[in-house]
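The structure presented is a predicted model; accordingly, all values stated were derived computationally and were not measured.
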Amino acid sequence: MSSDVKLLDINNVAIGIKRRKRETLVIVREANFDVNYGEMVGIVGESGSGKTMICRAIIGTLERRGASVIGGEVFFEGLDLRTINEAKWKTLRGKVIGYVPQSALAGPNPVLTIEKQLAEALSQVEGTGSMKNRSKELLDLVKIRRVDTVMKQYPYQLSGGMRQRVMIACALASKPKLLIADEPTTGLDVTVQSQIMELLREIRRDLGTAIILISHDLALVDEVCDKIVVMHAGATVEVGPTSSMATPRHPYTVALNSSRIDVAKPGGELLTIKGNPPSVGQWNPGCRFAERCDYVQQDCLVGEHPALSGNKGEHQSACLHSEKIGKI
């Protein structure tokens with residue numbers, strides 16, 4: 001594989017849902033980012049910004065939601081995922097590309113023991129040794145104790161953190177090159193959240209697995225990710241190395257940082273982003289953040305939504321007046 005080829009390359013991707021009268025509701029437009037081999041990339045943004053839909057495009061399950069990629073390019077190791085058929089998807093999904101869904105706490109099949117669920121995941125890939133021993137190895141990998149006992153248990157007998165680890169174990173059964181974790185700490189207490197994130201870091205370090213982490217928690221993403229992608233109203237508005245994102249170049253990223261709980265003053269007022277995000281697909285002309293922005297100018301209100309400026313792989317922003325940020 002050429003060193004110039006990214007593991008994943010998302011270029012100007014647009015996603016739409018077919019509606020009645022053959023109309024298409026565009027729910028994502030201008031999504032742009034890439035993932036290098038062994039890199040951990042965080043995607044942040046409010047609900048409805050397009051985070052999960054982009055990940056469904058990467059694993060080829062958009063059609064299950066009545067959606068499809070209607071523009072742009074999705075390349076995985078140089079392969080255009082828009083052009084492949086379902087037979088090819090079956091060689092990638094769950095094998096080369098692993099996925100831990102947003103509903104992971106409810107994800108395990110309630111009528112199957114953990115051993116049977118792991119065996120089902122392992123049955124999709126070749127391997128040496130008995131299925132039981134391979135299942136134990138997966139549970140060891142995700143730091144589950146009392147493996148013999150857990151193998152015989154059903155999901156309802158496990159804590160939320162344990163069920164999450166089981167889902168991660170299933171996703172790792174095929175040793176994927178890319179693991180997508182869609183809000184893997186949702187519904188877990190702070191201590192368990194920390195344990196899950198440490199587990200993902202170890203998986204990345206020990207297996208060389210690239211990880212896409214979707215989260216609402218900017219503090220968490222700052223701590224564990226190499227690169228941050230900020231989505232708003234169906235578009236990538238800022239992307240760059242985590243170190244450079246400490247100095248945001250888009251007002252939406254500034255607003256997200258200001259509303260973080262970990263930066264709030266004890267006893268003080270928790271800041272929020274003013275206004276409401278636009279309804280999915282119901283976007284005004286110009287910048288989709290303009291109505292909520294402290295830096296808005298007249299030219300922000302007309303024309304197309306600003307495109308990302310700068311070179312891909314470096315710090316990019318989709319703001320016409322990024323030079324004004326922090327100066328008012």
Contact summary for Ile43 and Phe33, nearest pair of heavy atoms: CD1-CZ, 3.8 Å

Side-chain touch Pro285/Leu301, heavy atoms, less than 4.5 angstrom: no

Exceeds 12 heavy-atom contacts within 6.0 angstrom, atom NZ of Lys95: yes

Spacing of Glu23 atom CD and Ile17 atom CD1 [to the nearest 0.5 Å]: 13.5 Å

Separation between CD1 of Ile273 and CG of Asn257, rounded to the nearest 0.5 Å: 9.5 Å

Check against salt bridge (charged side-chain N to carboxylate O under 4.0 Å, His left out), Lys136 and Asp148: CA-CA 8 Å; Lys136 287 183 177 181; Asp148 289 320; 2.8 Å; yes

Separation between OG of Ser49 and CE of Met231, rounded to the nearest 0.5 Å: 5.5 Å

Atom NZ of Lys274: over 12 foreign heavy atoms under 6.0 Å: yes

Ser259 side chain vs Thr272 backbone, donor-acceptor pair below 3.5 Å: no

Ring-ring centroid check His232 Phe289, cutoff 6.0 Å: yes

Residue pair Glu291, Asn284: steps toward the side chain to side chain contact (heavy atoms under 4.5 Å, CB included) verdict: CA-CA 9 Å; Glu291 294 184 357; Asn284 293 326; 2.8 Å; yes

Exam field: side chain Glu39 to backbone Asn36, donor-acceptor pair closer than 3.5 Å: yes

Step-by-step side chain to side chain contact (heavy atoms under 4.5 Å, CB included) determination, Cys55 to Ile214: CA-CA 9 Å; Cys55 289; Ile214 299 179; 3.1 Å; yes

Worked check of salt bridge (charged side-chain N to carboxylate O under 4.0 Å, His left out) between Asp9 and Lys312: CA-CA 10 Å; Asp9 205 354; Lys312 197 164 188 178; 2.7 Å; yes

N/O donor-acceptor pair under 3.5 Å between Arg82 side chain and Val69 backbone: yes

Cluster link Leu271 to Ile325, ILVMFWY, side chain under 4.5 Å: no

Verdict with reasoning, Thr24 to Arg19, per side chain to side chain contact (heavy atoms under 4.5 Å, CB included): CA-CA 6 Å; Thr24 299; Arg19 307 178 76 182; over 6 Å; no

Glu198/Lys143 salt bridge by N-O under 4.0 Å criterion: no

Derivation and outcome, side-chain hydrogen bond (donor to acceptor under 3.5 Å, both in side chains), residues Tyr37 and Glu77: CA-CA 10 Å; Tyr37 288 87; Glu77 292 195 311; 2.8 Å; yes

Ile15 vs Arg29 side-chain heavy atoms within contact, under 4.5 Å: no

Heavy-atom pair with the smallest gap, counting every atom of Ile196 and Gly161: CD1-O, 4.1 Å

Donor-acceptor under 3.5 Å (His216 side chain, Gly45 main chain): yes

Atom pair CD1/CG of Ile211 and Leu178 - distance to nearest 0.5 Å: 9.0 Å

Distance-only side-chain donor-acceptor flag, Asn109 / Lys116, under 3.5 Å: no

Minimum heavy-atom distance between Met53 and Ala67, given as atom pair plus value: CE-CB, 3.9 Å

Asn311 side-chain N/O to Glu314 backbone N/O, donor-acceptor pair under 3.5 Å: no

Gln195 atom CD, neighbour heavy-atom count above 12 within 6.0 Å: yes

Joint cluster assignment, Ile168 & Val192, ILVMFWY side-chain distance < 4.5 Å: yes

Validation row: Ile54, Ile58 side chains within 4.5 angstrom (heavy atoms): yes

Leu81 CG to Phe75 CZ distance, which is reported to the nearest 0.5 Å: 9.0 Å

Backbone of Cys225 reached by a side-chain donor or acceptor of Thr242 within 3.5 Å: yes

pair Asp222-Ile228: side-chain heavy atoms closer than 4.5 Å: yes

Between Asp80 and Thr83, a side-chain donor and acceptor under 3.5 Å: no

Whether over 12 other heavy atoms sit under 6.0 Å from Glu120 CD: no

Hphob cluster co-occupancy, Leu79 + Leu7, side-chain heavy atoms under 4.5 angstrom: yes

Check: Leu141 and Glu202 side chains under 4.5 Å, non-hydrogen atoms: no

Over 12 non-hydrogen atoms of neighbours within 6.0 angstrom of CD in Glu86: yes

Heavy-atom pair with the smallest gap, counting every atom of Leu158 and Gln153: CD2-OE1, 3.1 Å

Under 3.5 Å: donor-acceptor pair, side chain of Arg204, backbone of Thr209: no

Side chains of Ser215 and Val221 in contact at under 4.5 Å (non-hydrogen atoms): yes

Derivation and outcome, side chain to side chain contact (heavy atoms under 4.5 Å, CB included), residues Lys18 and Leu25: CA-CA 6 Å; Lys18 288 288 183 67; Leu25 174 66; over 6 Å; no

Backbone N/O of Asp34 and side chain of Lys227: donor-acceptor pair under 3.5 Å: yes

Stepwise side-chain hydrogen bond (donor to acceptor under 3.5 Å, both in side chains) check, Glu30 with His305: CA-CA 9 Å; Glu30 299 126 10; His305 181 77; 4.8 Å; no

Residue that, paired with Tyr252, satisfies side-chain hydrogen bond (donor to acceptor under 3.5 Å, both in side chains) out of Glu46, Glu238, Arg288: Glu46

Where Met40 and Val224 come nearest, the two heavy atoms and their spacing: SD-O, 3.3 Å

Exam field: side chain Thr113 to backbone Tyr154, donor-acceptor pair closer than 3.5 Å: no

Any side-chain heavy-atom pair of Gln117 and Pro155 under 4.5 Å: yes

Single-linkage hydrophobic cluster Val13~Trp283, side-chain heavy atoms < 4.5 angstrom: no

Minimal non-hydrogen separation, Ser322 against Arg249, with atom names: CB-O, 3.2 Å

Backbone N/O of Asn32 and side chain of Thr236: donor-acceptor pair under 3.5 Å: yes

Min side-chain heavy-atom separation Arg93-Thr61 under 4.5 Å: yes

